[in-house]
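Let me begin by presenting the structure, written as structure tokens, before commenting on it.
Note that the structure is a prediction, hence the values are computed from the model and not measured. A, B, ... follow the sequence lines: proteins, then strands. Residue 1 opens every chain. Every heavy atom of this structure was used, including side-chain atoms; hydrogens, water molecules and symmetry mates were not.
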Protein chains: 2
Amino acid sequence: MIGAGELMQQKTQPGRLRQKKVVDFHSVKVACRECSLHQLCLPRSITGADLDKLDSIIERKRPLKRNEHLFQVGGSFNSIYVVRSGSLKTYSPTVDGQEQVTGFHLPGELLGLDAIGKGKHPCAAKALETTSVCEVPFEHLEGLSQELPTLQHQLLRLMSKEIFDDQELMLLLGKKTAEARLSAFLLSISLRFKQRGFSSSEFYLSMSRNDIANYLGLAVETVSRMFTRFQEDGLIKAERKHIVIKDREMMQQIAGTNECCDDSPGNQSQFQV
Amino acid sequence: MIGAGELMQQKTQPGRLRQKKVVDFHSVKVACRECSLHQLCLPRSITGADLDKLDSIIERKRPLKRNEHLFQVGGSFNSIYVVRSGSLKTYSPTVDGQEQVTGFHLPGELLGLDAIGKGKHPCAAKALETTSVCEVPFEHLEGLSQELPTLQHQLLRLMSKEIFDDQELMLLLGKKTAEARLSAFLLSISLRFKQRGFSSSEFYLSMSRNDIANYLGLAVETVSRMFTRFQEDGLIKAERKHIVIKDREMMQQIAGTNECCDDSPGNQSQFQV
DNA sequence: TTAAATAATTGATAAATGTCAATTCTATAC
DNA sequence: GTATAGAATTGACATTTATCAATTATTTAA
């Protein structure tokens, strides 16, 4: 639960440069302030003593290894989580004993918002690679939001964003062809990397083809074929998990979305602690 | 904006009995208290003076006629809305000039939560029949939530429920066959009617086959064929918009969901005012 | 009431995607 | 390093669903 010595920014993806910043025991108290994801998440207006208050309710957990669970289905809800480094997938069991992937979570993104209503996690969260998260006890966060209007506002905004994002995905899953789904998926990942300061045209996917297929409601084989086709058509370069976006415009056309407007700062805020 | 004389519970669906309760000008101040949807939405702990406070920020709008818009895409976000009677659909424009239906909203359900993040409505809302809604100015609601911890909690719960529900739908759209989608859709409508005190085995659909198809990501023809097949198989009786569920268990099996757990009271809360 | 427009259904066919099976590639354990 | 298990790819084929076209039913407007 402590292990402050281990708290560092990790090399999330092989081949991508990223500063390793060791957060030692003494600086834990100001971890939020120092976090490289700071500007992604906190309202500008939270500073000084308020930031310290927020900081004080955060718990840092030891990093998860690949395939370790952050929480299980049905587990009681106590906290929301923010990804610091690495990535996770969330998934639900289906009647026939399969699993259905419901989302992927990159640094700066939240997990657990869907559990507030019932007090239980409707899905499980599993690390796709070595991953560290911040834990925000929900009762404390609620209490603090009561004191800090901007924090309440930010929390509501973030939940709203989650609803908005889910609806975007619904659009995708509901209507589109296999190539549109995969294209939109890749563009979505690309955009999220960009918002975190990474390259939007070159990145590593931490999830398997199987997870992608499951998430997009397609067969693995179809996803594989689409990767091949995209490569043949010069849209991307895909070598296993290493992806290069070569013709973004065409991909947007295939995805049927015009992503030009989604770079607005208003879209970037993530809760991070 | 006023028109208090018009505020009455309407006969939403032909053939379904429902008390007509005229809310006259004098009782507008205690409309929340008197509303038949009260127990669906408000935390039990909000009573007395607090309830009056909440009540005082609500605006009642004149009823919408069929096909009238509650809000348009891109319209600035000021309020969230609660359906009092009737129903609406929300939809987004797609690149190719089509529309994509993103949801249906029955009495006691909320609209507008997806707009908080950006301050603009990402979708439009159009009445499917004569419909009346309560308007809750968001700034006031936020302010009041600051004073009333239970209200803040309820608001967060409802937003969480929205996220949860969207993810359920994603599961549906992502993975299932046409018959599973339609079956799950009908069961979902059935459950929502039940939660509002109506029959869960017999109801009227206010939306067209086209809207259903669009929402489920299918062609109209496919939806039509599925209705026919379900009827042939004795699962339902469908006469235009009038639906009777005849074999719920089998439908649940087809939908691939076991809905047995979804009747819990914890699932029923809706924000209503 | 009748006419016109819209919505829903049905059939025939084409296209997309899933399934099954085999093979190649990659990562992991020994 | 080699063996083994898992992941990804590819091909052949079956199934599902979309598309196109025609018909019928229903609602709306004159």
Side-chain angles (χ1 to χ4, degrees), chain A residues 13-15 65-67 89 94 96 98-101 126 128-130 172-183 185-186 204-233 236-243 254 256, chain B residues 14 65-68 89 94 96 98-101 126 128-130 172-183 185-186 204-232 236-243 254 256:
Chain A
Q13 308 290 0
K65 294 203 191 76
R66 190 164 122 85
N67 291 329
K89 70 171 175 184
T94 61
D96 49 340
Q98 306 282 58
E99 62 181 51
Q100 164 71 42
V101 176
K126 190 195 261 187
L128 293 167
E129 59 194 311
T130 305
L172 184 70
L173 294 176
K175 228 193 168 54
K176 307 289 176 44
T177 61
E179 62 176 2
R181 292 186 195 191
L182 184 58
S183 184
F185 171 75
L186 292 173
Y204 283 80
L205 296 172
S206 56
M207 67 294 291
S208 68
R209 297 283 194 269
N210 231 309
D211 285 338
I212 295 173
N214 190 309
Y215 178 66
L216 296 177
L218 300 168
V220 205
E221 293 92 335
T222 306
V223 168
S224 187
R225 276 184 254 268
M226 290 301 147
F227 268 108
T228 308
R229 189 194 295 176
F230 283 0
Q231 192 152 240
E232 283 169 1
D233 295 351
I236 63 173
K237 185 165 167 301
E239 209 172 86
R240 206 87 178 153
K241 296 183 181 300
H242 179 216
I243 307 292
I254 289 172
Chain B
K65 293 203 191 79
R66 191 165 123 84
N67 291 329
E68 259 190 288
K89 71 171 174 183
T94 60
D96 48 342
Q98 306 284 57
E99 63 180 50
Q100 164 71 40
V101 176
K126 189 196 261 189
L128 293 167
E129 59 194 312
T130 305
L172 184 72
L173 294 176
K175 226 189 171 59
K176 306 288 174 48
T177 62
E179 62 174 3
R181 292 186 196 192
L182 184 58
S183 184
F185 171 74
L186 291 173
Y204 283 80
L205 296 172
S206 56
M207 66 294 288
S208 69
R209 297 283 193 270
N210 231 310
D211 284 338
I212 296 172
N214 189 309
Y215 178 65
L216 295 176
L218 300 168
V220 205
E221 294 91 334
T222 306
V223 168
S224 187
R225 276 184 254 270
M226 290 300 146
F227 268 109
T228 307
R229 188 194 293 177
F230 283 0
Q231 193 152 242
E232 283 168 1
I236 63 172
K237 186 167 167 301
E239 208 172 87
R240 207 85 180 155
K241 296 183 182 299
H242 179 217
I243 307 292
I254 290 172

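- Contact of the B/Leu182 side chain with the B/Phe185 side chain is registered, since non-hydrogen atoms from C-beta on lie closer than 4.5 Å.
- In this structure, A/Phe230 and A/Glu179 approach most closely via the heavy-atom pair CZ-O, 3.4 Å.
- Side-chain atoms of B/Ser224 lie closest to C/dT9 of the nucleotides D/dA18, C/dT17, C/dT9.
- C/dT17 atom C1' lies 11 Å from atom CZ of A/Arg229, rounded to whole Å.
- Rounded to whole Å, the distance from CD on B/Glu221 to C1' on C/dT13 is 13 Å.
- One can place CE of B/Met226 at 8 Å from C1' of D/dT17, the figure rounded to the nearest angstrom.
- Contact annotation: A/Thr228 reaches the phosphate of D/dT10 (side-chain N/O to OP1 or OP2, under 4.0 Å).
- Distance CG (B/Asn214) to C1' (D/dA18): 14 Å, rounded to an integer number of Å.
- The CZ-C1' distance, from B/Phe230 to C/dT9, rounds to 16 Å in whole Å.
- Comparing atom distances between the B/Ala219 side chain and each of D/dA8, D/dT19, C/dA8 picks out D/dT19 as nearest.
- Using a cut-off of 4.0 Å between Lys/Arg side-chain N and Asp/Glu carboxylate O, B/Lys89 and B/Glu99 are scored as salt-bridged.
- Taking the side chain of B/Arg225 as heavy atoms from C-beta on, and the options D/dA18, D/dT19, C/dA8, the nearest nucleotide is D/dT19.
- The phosphate of C/dA7 (OP1 or OP2) has no side-chain N or O of B/Arg240 nearer than 4.0 angstrom.
- A 4.5 Å side-chain heavy-atom check between A/Leu186 and A/Leu205 finds at least one atom pair inside the cut-off.
- In this structure, NE2 of B/His242 is placed 16 Å from P of C/dA8, rounded to the nearest angstrom.
- B/Ala238 approaches B/Gln231 most closely through the heavy-atom pair N-OE1, 2.6 Å.
- Taking atom CD on B/Glu129 and atom P on D/dT28, their separation rounds to 13 Å, with Å as the unit.
- When the side-chain nitrogen and oxygen atoms of A/Ser208 are compared with OP1 and OP2 of D/dA7, none of them lie within a distance under 4.0 Å.
- Toward the 5′ end of DNA chain C lies the nearest nucleotide of B/Val220, the other residue of the pair A/Leu218 and B/Val220 mapping further downstream.
- The separation between B/Leu216 atom CG and D/dA18 atom P is 11 Å, rounded to whole Å.
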